[in-house]
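Note sheet for the following structure.
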Protein chains: 2
Amino acid sequence: MSLDRRSGCPINLSLEVFGDRWSLIILRDMIFGGRRHFRELLNGSMEGIASNILADRLKRLMELGMLTKADDPSHKQKAIYSLTEMAITLVPILAHLGAWGRVWLPTSEELSIRAELLEKGGPPLWEKFMDELRHEHLGTPLDTASGPSVRDTLQAAYEAVVARKALSASPAA
Amino acid sequence: MSLDRRSGCPINLSLEVFGDRWSLIILRDMIFGGRRHFRELLNGSMEGIASNILADRLKRLMELGMLTKADDPSHKQKAIYSLTEMAITLVPILAHLGAWGRVWLPTSEELSIRAELLEKGGPPLWEKFMDELRHEHLGTPLDTASGPSVRDTLQAAYEAVVARKALSASPAA
DNA sequence: AAATCTGATTGCATTTCGCAATCGGTTGCA
DNA sequence: TGCAACCGATTGCGAAATGCAATCAGATTT
């Protein structure tokens with residue numbers, strides 16, 4: 001499967017890669033959710049992707065050079081999916097997309113806290129995150145002095161919001 | 001027509017708005033091509049959108065608050081479409097998208113020169129451009145000292161590449 | 001040996017897409 | 001006045017994509 005190439009415009013070609021309802025969702029779950037296996041992506045996505053569509057998109061993203069697949073050494077039937085550099089460099093786009101959606105669309109508070117932190121962190125945070133992703137998925141050494149990982153920081157913020165909301169929903173704890 | 005709201009995730013909701021093959025193309029042509037009329041969008045888009053899809057997407061983008069429609073006073077049957085602030089703030093996303101596509105996808109040289117300049121100009125250039133779009137579409141005053149418009153600058157660069165390529169294709173001129 | 005989990009695949013109904021033809025109304029020009 | 005061209009769509013239709021549930025064979029766990 002390759003690009004239709006309706007035109008050589010960069011925006012058009014980008015849309016041919018992930019201008020559908022699921023490709024970017026899958027990449028989002030791999031990038032921000034740390035998911036690497038088929039079942040994790042299948043059950044972990046909030047939006048409930050169907051298994052045939054997930055299989056099709058994984059195949060397509062591999063053919064486009066956004067993902068690679070390898071056998072999980074610990075589990076003969078498990079496949080592990082990895083982001084390529086091409087996919088990792090989507091982080092700034094996802095950050096902008098999240099920031100835009102947070103402003104203009106009816107996002108839920110707990111799910112937009114990550115977008116907010118990512119926006120506030122700006123390009124330096126994105127770079128740190130991309131470096132961590134390269135380490136996870138490409139095996140490159142980490143060169144930024146680290147502290148907690150960006151993904152863990154975002155996840156902790158998400159959980160804090162969820163906890164606070166649960167508390168305020170039943171204040172007589 | 002409203003959002004499906006598969007989830008309240010900002011990225012998911014953004015994809016529900018323009019996660020299809022045409023919505024962003026239409027907005028691209030309005031933003032970078034300065035197109036305001038149905039026929040301009042229909043014939044001007046390199047990718048060749050069908051008229052029923054164009055009509056559907058214009059309607060949808062209006063319902064989502066990205067566009068408004070008004071009668072063209074000079075032409076009883078002409079409608080003029082305007083970008084809202086919601087659409088104008090897509091400029092940084094389009095800039096990133098173009099930059100990403102230029103790096104990773106087989107873009108054509110003449111069509112990627114705009115993306116390159118837009119990337120090089122960075123946020124200050126994007127702001128100037130957005131200010132010009134607000135002036136065109138929302139009637140707000142221009143507050144940045146201007147010079148040639150960003151759109152004209154990008155268009156001139158595009159034409160220069162086209163001219164150079166035509167020249168090198170027939171060098172015996 | 002049975003139950004569960006793995007990454008998928010298949011069948012099928014519904015929806016969306018892409019394309020061409022066409023529509024009623026407006027405009028510009030002879 | 002006549003008439004072709006243009007305006008923003010709408011309609012019909014075949015092809016493709018989507019969503020959903022059921023199922024698969026092999027590997028692993030119990």
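These figures come from a predicted structure and were not determined experimentally. Reminder, nothing fancy here: chain letters follow the sequence lines and each chain counts from 1.
Remark: C1' of dC17(C) and CG of Asp4(A) are 12 Å apart, rounded to the nearest angstrom. In this structure, Arg60(B) places its CZ atom 16 Å from P of dT15(C), rounding to the nearest Å. Taking atom CG of Asn52(A) as the reference point, atom C1' of dT14(C) lies 14 Å away to the nearest angstrom. The distance between atom CD of Glu16(A) and atom P of dC17(C), rounded to the nearest whole Å, is 15 Å. Rounded to whole Å, the distance from CZ on Arg57(A) to C1' on dT9(C) is 16 Å. Spacing between atom CG of Leu54(B) and atom C1' of dG18(C) amounts to 13 Å, rounded to whole angstrom units. With rounding to whole Å, Asp56(A) atom CG is found 9 Å from dA17(D) atom C1'. To the nearest angstrom, C1' of dA21(D) lies 13 Å from CD1 of Ile53(A).
Within 6.0 Å of the NZ atom in Lys76(A), the count of heavy atoms belonging to other residues, nucleotides or ligands does not exceed 12. When the shell of 6.0 Å around NE2 of His135(B) is examined, it contains 12 or fewer heavy atoms from other residues, nucleotides or ligands.
Between the side chain of Trp100(B) and the backbone N or O of Ile93(A) there is no donor-acceptor pair closer than 3.5 Å. Listed for the Arg151(B) side chain is a donor-acceptor partner under 3.5 Å among the backbone atoms of Ile31(B).
Among the heavy atoms of the strands, none lies under 4.0 Å from Arg6(B).
Positionally, the nearest nucleotide of DNA chain D for Tyr81(B) lies more toward the 5' end than for the other of Arg21(A) and Tyr81(B).
In this structure, Arg6(B) satisfies the cation-pi test against Trp22(A), with its NZ or CZ atom closer than 6.0 Å to the six-membered ring centre and inside 45 degrees of the ring normal. A cation-pi arrangement is absent between Arg36(A) and Tyr81(A) under the rule of less than 6.0 angstrom and at most 45 degrees off the ring axis.
For the contact set between residues 69-80 of chain B and DNA chain D, defined by any heavy atom under 4.0 Å, the members are Lys69(B), Gln77(B), Lys78(B), Ala79(B). Looking at residues 23-48 of chain B, you'll see His37(B), Phe38(B), Arg39(B) sit with a heavy atom under 4.0 Å from some atom of DNA chain D.
Residues Leu117(B) and Leu13(A) fall within the same hydrophobic cluster, defined by Ile, Leu, Val, Met, Phe, Trp and Tyr side chains chained together at heavy-atom separations under 4.5 Å.
For dG18(C), the OP1/OP2 oxygens have a side-chain nitrogen or oxygen of Trp22(B) closer than 4.0 Å.
In terms of the salt bridge (charged side-chain N to carboxylate O under 4.0 Å, His left out) criterion, residue partners of Arg102(B) (sequence neighbours excluded) are, by chain and number, Glu116(B), Glu119(B).
In summary, the aromatic rings of Phe129(B) and Phe32(B) are positioned with their centroids under 6.0 Å apart.
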